[in-house]
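We count ligands from 1, going down the list as the structure has it; atoms in each ligand are counted the same way. The figures here come from the full heavy-atom set of this structure, side chains too, leaving out hydrogens, waters and symmetry mates. Sequence positions, counted from 1, serve as the residue numbers for this chain.
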Amino acid sequence: MEISVTFLLTGCLIQGVFCGFNINLPERVEALEGSCVFIPCTFDIDQKYEQDLTDSAKRIWYKGILYQGKTTVVFDSSSPDTGLFRGEIFGTPTEKNCTIRFNNVEQKDKGSYYFRLETNGRLKLSYPKTIEIVIIDSPPKPTVSLFEDQEKVKEEMEVMEGSSVNLRCSTKIFCSSRPAVLTWSSSPEHLLKESVTQQQRQNETELISDLIFTVTHRHHSATFTCTVTHQLQKKIMKQEYRTLHVQYAPKSTSAHVSPSGFVLEGRSVTLSCSSDANPPELNYTWYRDTEEHLKPVQTGQNLTINNTDPTHSGRYVCTAQNTIISKLDLSIYTTIYIHMVKMFDGELFFEEW
Ligand SMILES: *[C@@H]1O[C@H](CO)[C@@H](O)[C@H](O)[C@H]1NC(C)=O
Ligand SMILES: *[C@@H]1O[C@H](CO)[C@@H](O)[C@H](O)[C@H]1NC(C)=O
Ligand SMILES: *[C@@H]1O[C@H](CO)[C@@H](O)[C@H](O)[C@H]1NC(C)=O
Ligand SMILES: *[C@@H]1O[C@H](CO)[C@@H](O)[C@H](O)[C@H]1NC(C)=O
Ligand SMILES: *[C@@H]1O[C@H](CO)[C@@H](O)[C@H](O)[C@H]1NC(C)=O
């Protein structure tokens with residue numbers, strides 16, 4: 001009887017139709033050595049054989065390729081404890097479910113597998129489609145990607161301060177009695193605690209953890225590391241990290257005077273401005289704060305006044321600009337006071353407030 005169905009199927013295949021016999025299973029599945037393998041599977045039969053299919057039908061899994069060499073029964077639903085594999089078959093035959101989990105797979109279990117249905121009636125059929133089980137000895141690293149406005153940002157690309165980003169860690173889900181766990185860490189450490197939203201989710205194939213936050217200059221050169229922990233017979237951890245590159249306007253612009261302290265009249269003094277920015281190329285401008293307005297004195301980081309005299313006393317303002325600040329049209333400035341006092345013996349000194 002089986003033969004007639006097989007011939008029937010072959011005849012149908014020649015005509016390019018499946019006669020209602022069909023099976024849905026992945027072509028390939030990866031399993032971690034020492035762990036389990038889960039094969040989602042459903043089948044269909046030709047309507048003519050519907051009445052043959054009862055819940056007493058046997059669902060059998062074979063290792064090998066149908067009609068090609070030796071094949072071996074690895075699991076038989078009628079005696080699940082006698083096959084080569086210990087495992088569990090899900091659903092029922094009438095639900096047309098052939099989903100199976102094999103426990104504790106090893107390297108030698110790699111290869112092709114196929115499904116066979118045996119009813120008490122005429123219908124006894126091996127489905128020729130195979131699934132390939134690949135055994136990997138160590139879980140892969142997770143993947144870390146950065147998104148800005150849903151767009152993936154390349155590794156070396158810079159993101160703008162103030163923008164909202166999503167740092168995503170994803171890892172393939174493997175069959176396991178204990179699910180894998182994703183955790184984040186950061187360097188500097190405190191960045192993870194600062195207004196970062198963490199979201200975890202998973203679908204059939206991947207476990208995903210998102211970090212959503214607004215970029216500040218403090219994220220420049222910061223590193224975020226995602227660790228996946230697999231609880232197999234022993235704990236296996238794999239990590240991947242991502243370093244952020246942030247473009248930011250000048251920060252902590254400051255000025256200082258050299259030499260500080262007493263300066264003799266007629267000596268020179270240098271006012272120096274500095275700032276932190278990315279891109280680090282900065283245009284500095286020095287202004288003199290007169291009573292009415294800021295009077296530009298010179299561009300450049302250092303303002304040197306030769307031949308000092310009492311009229312040089314007053315407030316000086318320095319601004320620092322990089323391309324980011326030009327874009328944002330901001331003005332970041334710092335001020336410094338030079339105060340000249342006539343000394344009893346005619347000397348002057350600068351006082352830095
Ligand atoms: C088959 O069984 C699996 C495991 O119980 C279940 O997730 C799946 O939904 C079932 N499929 C059908 C078509 O019933
Ligand atoms: C699971 O999610 C990932 C990332 O969002 C996606 O690439 C993949 O196609 C999804 N898989 C399924 C089965 O939905
Ligand atoms: C300005 O002065 C500082 C401190 O003396 C020095 O490091 C810097 O190179 C100077 N900058 C320029 C453009 O000369
Ligand atoms: C101050 O003196 C230095 C060295 O003599 C000279 O290079 C510089 O041009 C002078 N600066 C001004 C503003 O006169
Ligand atoms: C600095 O000033 C020059 C001249 O105005 C300009 O061409 C350049 O783009 C400026 N650079 C920055 C970083 O703002």
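- Distances below 4.0 Å separate heavy atoms of E206 from the following atoms of ligand 2: 1 (C), 2 (O), 3 (C), 4 (C), 6 (C), 7 (O), 8 (C).
- For S272, the closest heavy-atom approach to ligand 3 falls below 4.0 Å.
- Here's the thing with T205: one of its N/O atoms is less than 3.5 angstrom from an N/O atom of ligand 2.
- Listed by number with element, the atoms of ligand 2 under 4.0 angstrom from any heavy atom of N203 are 1 (C), 2 (O), 3 (C), 8 (C), 10 (C), 11 (N), 12 (C), 14 (O).
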Go ahead and list the nitrogen or oxygen contacts between ligand 1 and the protein that come in under 3.5 Å, distances to 0.1 Å, or just say none.
| from | atom 1 | to | atom 2 | distance (Å) |
| --- | --- | --- | --- | --- |
| ligand 1 | 2 (O) | N97 | OD1 | 3.4 |
| ligand 1 | 2 (O) | N97 | ND2 | 2.2 |
| ligand 1 | 11 (N) | N97 | ND2 | 3.0 |

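- At most 12 heavy atoms of other shown residues, nucleotides or ligands fall within 6.0 angstrom of atom CD in E189.
- Proximity of W61 to F85: side-chain heavy atoms (C-beta onward) are nowhere separated by under 4.5 Å.
- Between E30 and R28 there is a salt bridge, since a side-chain N of the basic residue sits under 4.0 Å from a carboxylate O of the acidic one.
- Using modelled atom types, no side-chain atom of K152 and backbone atom of S145 make a donor-acceptor pair closer than 3.5 Å.
- For the side chain to side chain donor-acceptor pair (under 3.5 Å) criterion with E161, the lone passing option out of H219, K251, Q247 is K251.
- We find that E155 and R242 are joined by a salt bridge, their nearest charged nitrogen and carboxylate oxygen being less than 4.0 Å apart.
- Heavy-atom contacts of I208 reach the following atoms of ligand 2: 2 (O), 4 (C), 5 (O) (cutoff under 4.0 Å).
- The aromatic rings of F213 and F224 sit parallel to each other, their planes meeting at less than 30°, with 60° as the upper class boundary.
- No side-chain N or O of N302 forms a donor-acceptor pair with one of Y284 less than 3.5 Å apart.
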